[in-house]
Number of protein chains: 2
Amino acid sequence: MKFTVQRQQLIASVQDVMKAISPRTAIPILSGIKLEAGPNGITLTGSDSDISIESFIPAETDGMVYVEQIEAGSIVLQARYFSDIVRKLPEKTVDIETDNKFNVTIKSGKALFKLNGQDAGEYPQLPEVASSNSFDIPSDLLKNLIRQTGFAVSTMETRPILTGVNIELADGTLSFTATDSHRLAARSVPMENAQFSISNVVVPGKSLNELAKVLDDDDDNVQISITNNQILFQTSHLHFLSRLLDGNFPETARLIPEQSQTVIHVKTKDLINTIDRASLLAREERNNVVRLTTENKQDLHITSNSPEVGQASEEVQLQAVEGDDLKISFSAKYMLDALKVIENEDVRIEFTGAMRPFVLRPADDNSVLQLILPVRTY
Amino acid sequence: MKFTVQRQQLIASVQDVMKAISPRTAIPILSGIKLEAGPNGITLTGSDSDISIESFIPAETDGMVYVEQIEAGSIVLQARYFSDIVRKLPEKTVDIETDNKFNVTIKSGKALFKLNGQDAGEYPQLPEVASSNSFDIPSDLLKNLIRQTGFAVSTMETRPILTGVNIELADGTLSFTATDSHRLAARSVPMENAQFSISNVVVPGKSLNELAKVLDDDDDNVQISITNNQILFQTSHLHFLSRLLDGNFPETARLIPEQSQTVIHVKTKDLINTIDRASLLAREERNNVVRLTTENKQDLHITSNSPEVGQASEEVQLQAVEGDDLKISFSAKYMLDALKVIENEDVRIEFTGAMRPFVLRPADDNSVLQLILPVRTY
């Protein structure tokens with residue numbers, strides 16, 4: 001194998017595939033990056049067997065030459081060393097060459113590295129994902145779906161299915177749902193180009209968070225293909241493959257209250273800042289709990305109390321309020337997580353009593369839903 | 001106690017005194033910040049008993065009003081909570097008020113915090129430092145002296161005196177010296193306004209590093225005063241007090257070689273980059289050791305070798321070379337630490353053989369000296 005590659009391109013590809021590589025892997029060769037050179041360019045692969053990422057650097061695209069003097073072949077290099085070396089090389093191009101004993105020479109300007117490689121034949125084959133059931137989604141929209149739901153997955157392995165995000169496609173609507181059983185985050189978008197339906201496709205939250213990191217903002221579209229136990233996200237230069245979680249995602253629709261006793265409208269940013277301040281005195285004693293109180297159907301107060309340290313209280317300007325007065329306590333962290341992805345100047349919060357889940361939405365938009373269970377404090 | 005203070009000023013002062021506060025302190029009240037209000041302004045104090053920092057916010061300076069409506073008094077507040085609260089308050093000013101039960105009210109806009117304070121009478125008195133033996137030094141020069149020597153202190157408590165920087169003043173020259181017994185860093189500057197001499201004043205490296213962080217770039221001068229066991233650094237708004245280390249700093253002058261067998265001149269940045277790259281393959285197997293070789297009195301090579309992983313080698317352009325050819329091995333980390341504070345485009349390195357300490361200096365300047373002991377590799 002032999003080629004000369006633009007270093008910036010190589011750095012970007014290495015960074016992408018490194019996201020799939022775990023320093024502590026049970027399969028030693030998976031601590032390496034696989035490099036494959038072919039007539040059209042070079043492909044880098046990283047995998048921890050849950051996630052696999054392939055990044056392709058084309059020999060030439062849009063008249064730009066990225067890879068030259070290619071002799072086909074493949075090798076596996078220790079990921080950590082290769083990544084550090086590539087990042088610190090001095091020149092704009094890098095020459096990489098292997099001999100038939102898996103010795104690899106990396107040259108850039110006067111810098112010369114000789115690394116011990118491994119046989120790429122030992123590297124596991126990635127599963128094939130048939131693309132009959134596939135649909136396209138704009139990259140920035142996919143990143144937003146992940147951002148607005150991925151934070152709400154469970155971090156506990158007691159119910160593994162809750163560590164994933166449930167992806168459903170039905171009646172031309174794509175929806176992402178995550179819940180850790182104390183809160184729920186959901187977002188739906190119209191997806192009119194998909195004439196089929198999928199359900200109970202549960203992707204590990206960790207996979208989606210890594211995917212969001214490797215998707216470029218200037219990627220146009222991502223093609224999503226699903227099989228029984230794998231999901232493939234494809235862009236022009238990237239293949240991101242993740243296993244799916246086994247099991248049935250819980251039915252969540254029945255958790256959403258259909259009626260409300262109190263509805264408030266408030267500036268999202270004001271509420272974020274106030275709860276952030278109140279949470280300073282809520283951290284330890286009472287598990288980060290703050291209290292929200294409405295009075296005289298016009299005043300909104302946020303308070304917190306930590307007997308050892310002191311109390312915080314603050315009034316928030318209400319934009320509108322309907323229904324009964326209310327006292328309710330909840331986790332400041334869950335509330336902040338939810339408010340931060342509302343993406344609207346105003347948030348609408350619908351309560352059905354102090355002990356019932358409540359719902360946050362952007363003031364004029366039902367496509368985002370954040371549900372939080374309150375905390376009993378007396 | 002009562003006052004209204006500009007929040008930005010308060011944030012800056014709190015940040016400064018927080019540098020002296022250790023979250024794990026044996027004296028509970030030292031986890032607090034002391035606030036004192038007087039007719040001229042307010043003083044904040046933090047201390048871990050090794051370091052004490054006092055920051056003063058004047059009521060008014062240069063026509064700017066920083067503190068208003070002052071009623072004299074004092075209180076101690078839990079540092080972590082106070083610092084977080086002040087940082088997150090909504091408005092430009094903060095009102096702080098205490099009652100006679102050490103309850104403290106902090107108000108800014110609609111945000112209201114009530115904290116449990118402690119009696120400032122319980123807070124330890126800082127030692128007085130008489131200022132008979134004091135001299136002035138420009139703040140940026142002091143920061144540079146610290147930066148160019150402080151990294152070389154020992155991190156091991158086996159010889160506590162080596163965890164400090166030795167400050168000497170003699171014959172109108174101020175010098176800072178640090179050594180961990182594997183390397184030595186020294187910097188001297190003329191100090192003609194000081195008509196006295198000091199010796200064996202050893203300041204903990206940690207104190208100096210914290211001092212460098214709290215000195216503003218726009219502080220003009222720092223006044224340094226020394227007693228038997230304390231050193232005080234003073235600016236217009238800051239008092240930084242540190243204990244001195246007990247014991248005798250080793251005589252270091254005799255360590256500096258007087259002659260050299262090989263002298264090379266090389267671009268500092270080139271050598272930094274090359275050694276940084278070579279160190280990638282020197283990290284584990286051989287304790288971060290790289291090798292420097294001169295050949296034919298004109299070529300300079302840097303190499304490293306990690307049998308499991310591979311080798312690195314690179315030629316560096318020499319600006320000049322005098323004397324014999326040389327092969328020498330040393331810690332890449334020590335070499336990089338030294339090169340990074342040379343502050344000159346060209347570095348001069350003087351060797352007296354493969355097993356003897358060698359010396360780095362800026363090409364045209366003897367005020368900075370970096371000495372490194374080589375490593376035996378065969």
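Within every chain, numbering begins at 1; the chains are lettered A, B, ... in the order of the sequence lines, protein sequences first and strands thereafter.
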- Among residues 312-321 of chain B, which residues come closer than 4.5 Å to chain A, judged by heavy atom distances?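 Result: B:Ala312, B:Ser313, B:Glu314, B:Glu315, B:Gln317.
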- Query: Could you name the residues of residues 82-103 of chain B that have a heavy atom within less than 4.5 Å of a heavy atom in chain A?
  - Reply: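 Result: B:Asp84, B:Ile85, B:Lys88, B:Leu89, B:Pro90.
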- Query: Of all the residues in residues 108-118 of chain A, which have a heavy atom that comes within less than 4.5 Å of a heavy atom in chain B?
  - Reply: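 Residues in range: A:Lys110, A:Ala111, A:Leu112, A:Phe113, A:Lys114, A:Leu115, A:Asn116.
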- Which residues from residues 4-19 of chain A are near chain B, with near meaning under 4.5 Å between non-hydrogen atoms?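 At a heavy-atom separation under 4.5 Å, chain B is reached by no residue of residues 4-19 of chain A.
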- Query: What option among B:Asp276, B:Thr274, B:Asn273 has the most heavy-atom pairs under 4.5 Å with chain A?
  - Reply: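 Of the options given, most contacts go to B:Asp276.
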- Message: Would you say that A:Tyr81 contacts B:Leu280 through its side chain, given a criterion of any heavy-atom pair below 4.5 Å between the two side chains?
- Response: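 Answer no - side chains too far apart.
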- Neighbour count above 12 (heavy atom, 6.0 Å) for B:Glu345 CD: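 No, because the 6.0 Å sphere around CD of B:Glu345 holds 12 heavy atoms or fewer from other groups.
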- Query: How about A:Lys107: does its NZ atom have over 12 heavy atoms from other parts shown lying under 6.0 Å from it?
  - Reply: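 Count not over threshold, so no.
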- Query: Between B:Gln311 and chain A, which part of the residue has a heavy atom less than 4.5 Å away: side chain, backbone, both or neither?
  - Reply: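 Contact with chain A is through both the backbone and side chain of B:Gln311.
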